[in-house]
*Asks:* 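Mind having a look at this structure? Questions to follow.
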Amino acid sequence: MLRDRLGRFEHELLLAVMRLGDEAYGMTIRRELAAHTGREVAVGAIYTALTRLEVRGFVQSKLGDPTPERGGKAKRFYRVLAPGKRAVAKANAILLGLAADPGRDPEQS
Amino acid sequence: MSAPHTAAAPPRLARWLLRRALDGPARSAILGDLDEEFSRFVVPQRGLRNARRWYWRQALTSIAACARAAAVANREPDEPRPTVREIMNDSHGWGTDARAALRFCTRSPLTSVAVILTLAIGVGANTAVFSVVNATFFKSLPIATASRLVAIDDRDGGSFTYPEYLDARTAPGLSALVAGGRTSTTMGEGHARRRIVIDMVTANYFTALGVGAPALGRLLAAEDDASGSAPAIVLSYPFWQDELGSDRSIVGQTVKLQHAFFTVVGVAPDGFAGIHPGFSPDVWVPLTHAPEIERNASMLGNRSAWLGLVGVLERPETLPITRDALAARWQTTRKDADVVVTPIPRGLMGWGPARDVRLRILSVFVVLMLAIACLNVATLLAAGVHERQKELAIRASLGAGRTRLLRQLLLEQLVLAMLGGAAGGVLGSWISRAIAPMMAGEMTPGDLDVRADVNVVLFTIAVSIVVALLVALIPAVRWSKVNTLVALQGGGSGMQRLLRSAGLWWLIPAQVALGTVLLASAGVLGKTVQQLKLGIESSAPDRVWFANLQVDTLGPEPREFDDFQRRLRAHLQSMPGVEAAGIVTGRPLASVRRGPLRVEGMTVVPKSKPMPWGPPPPPPPRGAMPPEKLWFVSNSYVSPGLFASLALPIVRGRDFTDGDRLGAPRVAIVNESLAAQAFGKNDPIGRRVGWPPGKGFDIEIVGVVRDFRSEHLREAAPDAIFFPLVHVPAGETGDRSVTGAAEPIDVTLVLRGATARSLDRDRVMQHMIAFDPRLFVDRIWTFDEEAGRALSDERLLATIGTILSGIALALLIVGVYGAFASAVIRGRRELGIRLALGATPRVVGRMVVARSLSVALVGVLIGLPLSCAFTRSFAHLLYGVKPIEPLVVGATVAIVLATAAVSAFLPARKAAQVDPLVALRSE
């Protein structure tokens, strides 16, 4: 069960990637996270987390085209795979369940 | 490096760092993302300056994140993180690490040798002092009965008579009782006599104490006490070895002790040196034959209390039984019926608190030294760890966890520390053998058995372990912070950050602080020695020779002595190279004689100056004036020429002459101090005084001599009066022996050589033999040696303090140099940037020296209060110098700061020579 648990940062990261759709690569993910969380995240941290998620089969990456403003470096685009989406849904449910009315039993919902 | 340096470009250094620190596919993506965001969003939104700062932050935090991730990824994903215990139990890894540690030690032999040497000095000094402490306080006597041995005293520590001993022998609870007394006498005849220390003991001494088998012959046996027996003598092992050249034929030979002949029956076992540790006798004789030595038959009577009693209990628990029985027994015969029975497993300790103070100071010295050595080694090793970051990183990337790396570092340092400890143990046993004789003073023993025993070995091992942990943990703990520092490195600004990041910033001030304490203490002690010597310097002590002479060739007639001293003086003056010669009773700087002086016409009796040491003056006989109404002054009997040979000028009146003979009017010379006390500003010449046993004022003062600290170097000159040698009362010159027998006339010859080299021991001896071969010249020594003996405590402490301070300073130089040299190497880039931005080499060099000085200053500021507190604790040992002496403090600060500046000089020059282009490109 622990294998598909998401850390908070991983959770945010996957949500950001899903939100960005086809435009999800390092810089945009970073800006998306910064815009929504107000935290300046290191781009290195994003890549290490994504690499970990990739190993677990939650995301997939592919190389894009190099652009001149990137000094000739290719973008690395990310896409959330089905297990990743399931993990996100589960994490969402946990948060929502916790945020719901205290009187209600989550098993009955 | 070829990228164009446009205004919107990200910081080159940060970018370079990123490229270096990252690897794998993420590198190019991260670089691309940062560049893109930098130019597209950050610069337009925040401005170039903040954008660059943003880039730096991104670069460094990204590196840190990737480094962390790499460390995590290097472990098997599912394997739980190994605990410290698991790593320690991993025997395979231990072997590898141990090999790696040994390899490391041999790879940088210079550092290893420096570390081992430094630790050896620190541990060695501690081992040496502990050996002395151990020998003084902890060593049991090497005899079977040590645990049951007790000293029997009355409350005042008084002595016992022989009949009392015989009576006490049968006390319950005692398995044996031994009595003994000590005296010094001569062995041999004529000028070939030598002075020896004899213990007069009951014949059961060796058997009762359980002393092992003799080295030669036999020990004393019960029949040696019998009155009809031939007097037997047992030699101590060192005496037999050193004085008699281990002559095996000595057993059965006859030796003469002063007046009596004894037959050598054996030699005590090696290692048994009596029951006074450090004060070993040369020989033992049965005390029933002691009266023959000094021809004093009353020694064994019931009025002559001179024996110390040492009992051997049946069991340790029988002590109270014995004590109560003895108290009951002596209730009627002794006034002080209080009997004190003390266990003495370590023997009878004869010395007072002075010794403790010296050992305490020495202990503080060597602990300081050890702390400095540890800090120094930690500095060296920390710098070494820093330089090996690349190697450690490689090992980490090959799969070694941080704990594993820590273990390797610890092992390396433990190996070094243990080697240092072992070397220190060996060094310490050498040093202890060297300082044990130095510890000998007037009142303290010189033959302590400082050979290493279990205590010393355990102590050395314990110290080594503590040292090993200290020196290994400081760099290792520092290293545990390296990971984040790696990331921060390069982001540092200025030397301060550099030093701080190197983890050295507190090691150096700590060393400086401890070194300051050592230096300041050695300073005040050295000043004390210098001040004490000032008092005798004017007499050129290296040219003055003393010879102790025992005159027992004369009859009782005073004329004979008068004639003798006249001939002797003429003979001495005829000696080539002698500038002046005189004869004096007593021994300058070593003997104190006081007597009550009466001054004609004096109404107010001056206060007697306190005795510098020794027993208080004897109580006055019945009917005499109470002591507070008497003026006790120093007195001695001197021949003409004595003052000249000590270079003491006669400031008024005249010296003694040959005209001051027996039968001539009695005269005296006083010193300035006495003259001022007795006569104020009036002329003392021609005034009259009285001296016991005379009743009237029959002595005329004929001269005033310059003051001289004749009794003790620490005391001001006593009020002193001098009488002509010919008036010496018969039998009053010698000290009385412990048994109360008068000793032969004891005088000191004083010879003043024309130069420091015009006299020597052999020539003085030959000259005396030529005068009369029967005379016993006890000892020949120089004034310098006498002063040295009087100063032995202070000089010992000052010498050791100075040596240790010197070592501390040398270590400080190495430490500061090492720290700053490596700081400069690591900070080359920053220095390069500074130089590129317009700092001149001179400014950069000055910056390094200033940093070193400020670091040292911090240490001095911490060290000065500490040293004040320490020197205050032995203020009573100081003379002519305050615990906080401005001169010493100033010199200490100057020396420490100069050391810091000098040792930073080379790194500073290196820093100034940094070529900015090379520095920035080379990395």
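What you are looking at is a predicted structure, and each value in this text was computed from that prediction instead of being measured. Only heavy atoms go into these numbers, but all of them, side chains included; no hydrogens, no water, no symmetry mates.
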*Asks:* In Å and rounded to the nearest 0.5 Å, what is the CD to CD1 distance from Glu12(A) to Ile46(A)?
*Replies:* 10.5 Å
*Asks:* How long is the span from the CD atom in Glu54(A) to the OH atom in Tyr78(A), to the nearest 0.5 Å?
*Replies:*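 Here the rounded value is 5.5 Å.
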*Asks:* With only heavy atoms counted, which part of Arg57(B) is less than 4.5 Å from chain A, the side chain, the backbone, both or neither?
*Replies:* neither
*Asks:* Test salt bridge (Lys or Arg N to Asp or Glu O under 4.0 Å) on Glu40(A) and Arg46(B) and set out the steps.
*Replies:* CA-CA 14 Å; Glu40(A) 283 281 328; Arg46(B) 307 191 191 183; 3.2 Å; yes
*Asks:* Top residue by heavy-atom pair count (under 4.5 Å) with chain B, among Val43(A), Leu50(A), Thr48(A)?
*Replies:*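 If we count pairs closer than 4.5 Å to chain B, Val43(A) comes out on top.
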*Asks:* Gly44(A) and Ile30(B): which non-hydrogen atoms are nearest, and at how many Å?
*Replies:*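 Reported closest heavy-atom pair: CA-CD1, 3.7 Å.
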*Asks:* Heavy-atom distance under 4.5 Å to chain A: side chain of Ser39(B), backbone, both or neither?
*Replies:* side chain
*Asks:* Does any heavy atom of chain A fall under 4.5 Å from the side chain of Leu34(B), the backbone, both, or neither of them?
*Replies:* side chain
*Asks:* Does Gln58(B) use its side chain to pair, donor to acceptor, with the backbone of Val41(A) at less than 3.5 Å?
*Replies:*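 Pair found, side chain donor or acceptor close to backbone of Val41(A).
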*Asks:* Rounded to the nearest 0.5 Å, how far apart are CG of Asp33(B) and OG of Ser62(B)?
*Replies:* 9.5 Å
*Asks:* Verify, without hydrogens or angle tests, whether Arg76(A) (side chain) and Tyr25(A) (backbone) share a donor-acceptor contact under 3.5 angstrom.
*Replies:*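 No, the answer is negative, given that no donor and acceptor are paired below the 3.5 Å cut-off.
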*Asks:* Considering non-hydrogen atoms only, spot the tightest contact between Glu10(A) and Gly7(A) and give its length.
*Replies:*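 For Glu10(A) versus Gly7(A), the nearest heavy atoms are OE1-N, 2.7 Å.
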*Asks:* Atom OG1 in Thr61(B), atom CH2 in Trp56(B): separation rounded to 0.5 Å?
*Replies:*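 One finds 12.0 Å between OG1 of Thr61(B) and CH2 of Trp56(B).
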*Asks:* Mark yes or no for whether Gln60(A), through its side chain, and Leu81(A), through its backbone, hold a donor-acceptor pair below 3.5 Å.
*Replies:*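 Looks like no, no N/O pair under 3.5 Å.
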*Asks:* Counting a contact as any heavy-atom pair under 4.5 Å apart, which residues of residues 16-24 of chain A contact chain B?
*Replies:*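 Under the 4.5 Å heavy-atom cut-off, nothing qualifies.
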*Asks:* Could you state the interatomic distance from CD (Glu36(B)) to NZ (Lys73(A)), rounded to the nearest 0.5 Å?
*Replies:* 12.5 Å
*Asks:* Any side-chain heavy atom of Phe58(A) sitting closer than 4.5 Å to one from Leu6(A)?
*Replies:* yes
*Asks:* Could you name the residues of residues 28-38 of chain A that have a heavy atom within less than 4.5 Å of a heavy atom in chain B?
*Replies:* Arg30(A), Arg31(A)
*Asks:* Report which part of Ala74(A) has an atom under 4.5 Å of a heavy atom belonging to chain B: side chain, backbone, both, or neither.
*Replies:*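 Ala74(A) touches chain B through backbone heavy atoms alone.
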